[in-house]
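Start at 1 and go down the list; that is how both ligands and their atoms are numbered.
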Amino acid sequence: MGLPLAYKILEAHLVSGKLGPGAEIEIRIDQTLTQDATGTLTMLEFEALKKDRVEVELAVSYVDHNTLQIGFENMDDHIYLKSAAARFGIVFSKPGNGICHQVHLERFGLPGKTLIGSDSHTPTAGGLGMLALGVGGLSVAAAMAGNPYTLTCPRVMGIYLSGRLGPWVSAKDVILEVLRRIGVKGGVGSILEYFGPGAANLSVPERATIANMGAETGATSSIFPADEMTLDWLNRQGRNTGVEHLAADEDADYHEVMEIDLSEIAPLVALPSSPDNVVNVADVEGEEVRQVAIGSCTNSSFRDLSVVAEVLRGGSVHPDVSLSISPGSRQVVMMLADSGRLGEIIGAGARLLEPACNGCIGMGSAPATGIASVRTFNRNFPGRSGTRDDRVFLTSPETAAATALTGRVTDPRSLGDFPEIETPETFPRDDSMLIFPPLDGAGVEVIRGPNIQPLPLKEPLPENLAGEVLIKVGHHVSTDHIMPAGAKVLPLRSNVPAICRFVFQGLDPSFPERCEELEGGFVVAGENYGQGSSREHAALAPMHLGVKAVLALSFARIHRANLINFGILPLTFRFREDYEKLDAGDKIELPGVKKRLAEDLDIEVSNLTKNESYLLNMDAGPRELEILLDGGLLNHLSAKSR
Ligand code: MIC
Ligand code: SF4
């Protein structure tokens with residue numbers, strides 16, 4: 001039987017292990033990307049590895065998340081990142097150049113290559129036929145230092161697309177349909193590989209939207225073939241440098257196949273407050289809306305914003321609606337300007353923001369109390385917008401633009417004929433906000449302002465663990481719950497002691513204080529703990545507060561890896577009912593945990609308060625175990641290099 005495209009790329013990059021679901025494999029990494037919010041830690045971690053220069057084909061450091069500069073902290077970070085990029089041979093993308101995933105697609109992504117990025121939406125580059133994975137910053141640092149990346153080999157879920165999207169239905173509706181079918185956990189352990197005649201009908205930006213939001217299913221990555229459409233798009237970017245068609249073998253053996261007829265998809269919306277809470281737009285039509293936000297790495301391409309401009313053409317944003325538009329990149333802004341569409345957007349009364357993440361990560365655009373906010377973003381976890389009890393709806397740009405005009409959730413199919421959106425022959429290429437590193441960075445000084453604090457480390461795992469259950473949380477708790485972002489907290493990303501004050505802020509504001517009093521302890525969680533972002537602060541800050549293990553029903557992939565990287569045990573309940581029995585405040589003990597882990601045995605947890613015991617396991621690969629025993633990846637890599 002032949003191979004899916006994802007396996008062909010994995011095979012071509014295999015350093016050790018054998019391809020097959022569940023096996024621990026190591027792969028060679030061609031490219032890395034970081035963004036500022038995760039990048040400062042990544043750079044500190046890279047520095048701790050004591051390398052003189054990055055050892056990948058290409059490393060890019062983007063500044064896109066934290067661009068508000070409300071205090072000295074932001075710019076301290078940016079200056080540190082810029083100087084470290086020059087010192088270590090990394091391309092630096094200045095704030096204002098655009099969102100990492102959009103710019104990477106435009107300027108650097110290449111079919112058949114591997115990319116890891118310290119951002120969960122790195123799979124956006126899968127729209128170009130690249131195998132791109134979102135991982136924690138420490139894993140990126142290790143790859144930049146020339147180490148292969150270790151992962152549990154995923155299975156491949158083939159998604160066979162047939163037909164063509166109808167007017168006013170777009171790529172966002174396709175990925176919302178996938179989420180409707182498989183939910184926020186349905187992609188865990190899988191790569192979603194799109195193929196079939198319907199895939200060939202989708203443009204690169206549309207494919208990128210679908211690959212981007214595959215992250216919300218928990219998938220390891222998403223990928224499209226590299227075909228005529230891909231080559232043509234790269235050509236228009238002036239980047240068709242000998243790239244060839246790439247696709248799965250004709251007789252590829254997928255572990256599972258899902259079929260979607262594109263012509264049957266209607267405009268969809270994810271209701272508050274989960275990306276898989278999907279219904280037809282028609283089902284909620286008429287709901288009053290006061291805020292519409294268009295942009296984010298999911299929906300900010302020239303194609304998407306052109307549709308928005310055409311919807312707004314000659315009209316006015318509803319008087320009660322605040323409409324913000326965040327283009328994905330400077331290239332997108334230039335193309336909108338060249339096509340005259342920027343004028344339409346501004347003329348209709350939209351608020352034009354800089355090309356950056358902006359409201360998507362709570363940097364501005366927090367909605368007012370009780371209102372409905374319609375966004376083209378990818379996540380609507382509770383409070384992520386910056387407002388407690390927010391009501392965020394996720395839609396396509398078509399639906400969002402129609403809604404901005406009427407002030408009510410509106411099915412865009414009511415707008416009449418779909419506008420013609422032509423793709424320009426060549427895209428404007430202006431790399432003046434990309435700073436390429438000198439050939440030899442040895443003499444470059446790395447500049448550290450007072451916001452750049454040293455990285456905390458952990459001791460190797462002790463023989464036994466004991467302490468209190470500090471918090472018990474339910475299912476699908478996201479990293480936004482564990483370590484919130486937003487304008488108040490993001491500036492502290494390079495200052496771990498300071499950011500610790502915000503851990504579990506929305507769920508239990510006394511958490512950090514109690515950790516200090518009790519010298520750490522344990523977290524108990526339900527299914528899919530840590531879904532969402534790749535932010536390693538959701539592991540590092542709890543580690544700094546003394547969290548020793550998380551006992552959960554299941555974990556999201558990136559967060560589980562981050563816990564391991566920072567020496568926190570991610571333990572899974574053997575028996576579901578035991579999750580119900582443990583409560584916050586219970587005193588527990590894990591006797592002989594180190595020995596049991598080393599011998600790959602189940603971990604026994606004694607509940608001293610209730611006089612009960614439970615079995616948990618790690619399901620860890622050999623390398624993961626070594627990392628945990630050493631007290632985290634940094635300790636492990638330093639021990640290896642001694
Ligand atoms: C997000 O969308 O949640 C972020 C902000 O881009 C994160 C990264 C971060 O927390 O810095 C992600 O998706 O990984
Ligand atoms: Fe930025 Fe939002 Fe994309 Fe995260 S999801 S990279 S915050 S635009």
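- Side-chain N or O atoms of Ser190 include none that pairs as donor or acceptor with a backbone N or O of Leu192 at under 3.5 Å.
- Nearest to atom 7 (C) of ligand 1 among the protein's heavy atoms is Ser533 CB, 3.2 Å.
- In Thr298, neither the side chain nor the backbone holds a heavy atom less than 4.0 Å from any atom of ligand 2.
- Formation of a donor-acceptor pair under 3.5 Å by the Ser329 side chain with backbone atoms of Val332 is found in this model.
- Of the protein's non-hydrogen atoms, the one nearest atom 13 (O) of ligand 1 is Ser120 OG, 2.6 Å.
- Here the heavy atom of the protein found nearest to atom 3 (O) of ligand 1 is Arg384 NH1, 2.8 Å.
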Next item on the list: Just do the side chain to side chain donor-acceptor pair (under 3.5 Å) check on His101 and Gln35 with the steps written out, would you?
Entry: CA-CA 10 Å; His101 309 303; Gln35 39 88 340; over 6 Å; no

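- Between Phe224 and Tyr194, the ring-plane angle classifies as parallel under the 30° and 60° cut-offs.
- Because the distance cut-off is set at 2.8 Å, Cys357 qualifies as a neighbour of atom 1 (Fe) of ligand 2 through one of its N, O or S atoms.
- Those atoms of ligand 1 with a heavy atom of Ser534 less than 4.0 angstrom away are 12 (C), 14 (O).
- Considering only heavy atoms from C-beta on, Glu354 comes within 4.5 Å of Thr67 through its side chain.
- In this structure, His481 has its ring center no closer than 6.0 Å to that of Phe381.
- Residue Arg379 places a heavy atom less than 4.0 Å from ligand 1.
- Contact atoms of ligand 1 toward Arg493: 9 (C), 10 (O), 11 (O) (distance under 4.0 Å to a heavy atom of the residue).
- Side-chain contact check for Leu41 versus Val496: some heavy-atom pair is nearer than 4.5 Å.
- Scanning the protein heavy atoms around atom 10 (O) of ligand 1, the nearest turns out to be Arg535 NE, 2.6 Å.
- Heavy-atom proximity to Ala37, at under 4.0 Å, picks out these atoms of ligand 1: 11 (O).
- For atom 8 (S) of ligand 2, the closest non-hydrogen atom on the protein side is Cys297 N, 3.3 Å.
- Atom 3 (Fe) of ligand 2 lies at 2.8 Å or more from every N, O or S atom belonging to His121.
- Side-chain contact, Glu206 with Ser203: a donor N or O sits under 3.5 Å from an acceptor N or O.
- Among all protein heavy atoms, the one lying closest to atom 8 (C) of ligand 1 is Gln35 NE2, 3.2 Å.
- Residues Phe92 and Tyr62 form no side-chain contact, since every pair of their non-hydrogen atoms from C-beta on lies 4.5 Å or further apart.
- Counting heavy atoms under 4.0 Å from ligand 2, residue Asp119 touches it through the side chain alone.
- Atom 4 (Fe) of ligand 2 has its closest protein heavy atom at His65 NE2, 3.7 Å.
- Arg303 and Ser301 form no side-chain donor-acceptor contact under 3.5 Å, judged by distance and modelled atom types alone.
- Within the listing of ligand 2, atoms 5 (S) sit less than 4.0 angstrom from a heavy atom of Asn378.
- The shortest distance between side-chain heavy atoms of Asn66 and Arg493 does not fall below 4.5 Å.
- Nearest protein heavy-atom contact of atom 2 (Fe) of ligand 2 is Cys360 SG, 2.3 Å.
- Using modelled atom types, one finds a donor on one side chain and an acceptor on the other under 3.5 Å when comparing Asn378 with His121.
- Judged purely by distance below 3.5 Å, without hydrogens or angles, the side chains of Thr40 and Asp77 never pair a donor atom with an acceptor atom.
- Remark: distances from the non-hydrogen atoms of His101 to ligand 2 include one below 4.0 Å.
- Counting only heavy atoms of the protein, atom 4 (C) of ligand 1 lies nearest to His65 NE2, 3.6 Å.
- The residue among Asn66, Thr124, Ile361 with a heavy atom at the shortest distance from atom 7 (S) of ligand 2 is Ile361.
- Here Asp119 has heavy atoms under 4.0 Å from ligand 1 in both its backbone and its side chain.
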